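Note sheet for the following structure.
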Amino acid sequence: MHKKPILFLILTIVCLAVHSADADFAKALRNCTPFSGSGSVQTGGMNVKSTKRISGWQGDKCVYKESVNFAGINSDIVCKFTKPQVEELASVLEAYELMQKYADDKPDFSNLEEAQKNPVSRAWQKYLSDEAVCTISTDQN
């Protein structure tokens, strides 16, 4: 697997694992109100750490920033979401959170291929891979 696809996969899983477990994040995203949080997840045999921040509205775009570190790779993500994009992501997060309240099984984020099939993962992936919405800069230690 090339570096860019694995990076998108890792970032998507981090979004899924860290965001889906945080009802406050979904609420802040829906309203695009300032928010800051961090977390980590074990996936693909790596410990992935993430710090996320919603800065609020900048003109007609909701500014979201995230720093991710895994396997000596540091990535910074900056997304500028439109109101419909914010609504979509917040709705997917809220639906997933509600579904997890009643699910017997907890999601397995350790398996990259399985984690990417999750609806939250798919919703975030769509925007992370769209350079008109999100920019990702990466440096490797």
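These figures come from a predicted structure and were not determined experimentally.
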Straight-line distance of Lys52 NZ to Ile77 CD1, nearest 0.5 Å: 11.5 Å

Steps toward side chain to side chain contact (heavy atoms under 4.5 Å, CB included) verdict (Val133, Lys80): CA-CA 5 Å; Val133 178; Lys80 295 183 179 180; over 6 Å; no

Whether Tyr64 and Phe81 hold their rings parallel, tilted or perpendicular, with breakpoints at 30° and 60°: tilted

Nearest heavy-atom neighbours spanning Ala90 and Leu29: N-CD2, 4.0 Å

Partners meeting salt bridge (charged side-chain N to carboxylate O under 4.0 Å, His left out) with Lys65 (sequence neighbours left out): none

Non-hydrogen atoms of Ser129 and Gln125 that approach each other most closely: OG-O, 2.9 Å

Cluster check Val63, Phe35: I/L/V/M/F/W/Y, side chain < 4.5 angstrom: no

Validation row: Cys32, Ile54 side chains within 4.5 angstrom (heavy atoms): yes

Gap between atom CG of Leu128 and atom CD of Glu66 - 0.5 Å precision: 8.0 Å

Nearest-0.5 Å distance, CD of residue Gln58 to CG of residue Asp60: 10.0 Å

Value rounded to 0.5 Å, distance of CG in Asn69 from CG in Asp76: 10.5 Å

Listed partners of Arg30 passing salt bridge (charged side-chain N to carboxylate O under 4.0 Å, His left out), at least two apart: Glu87, Glu94

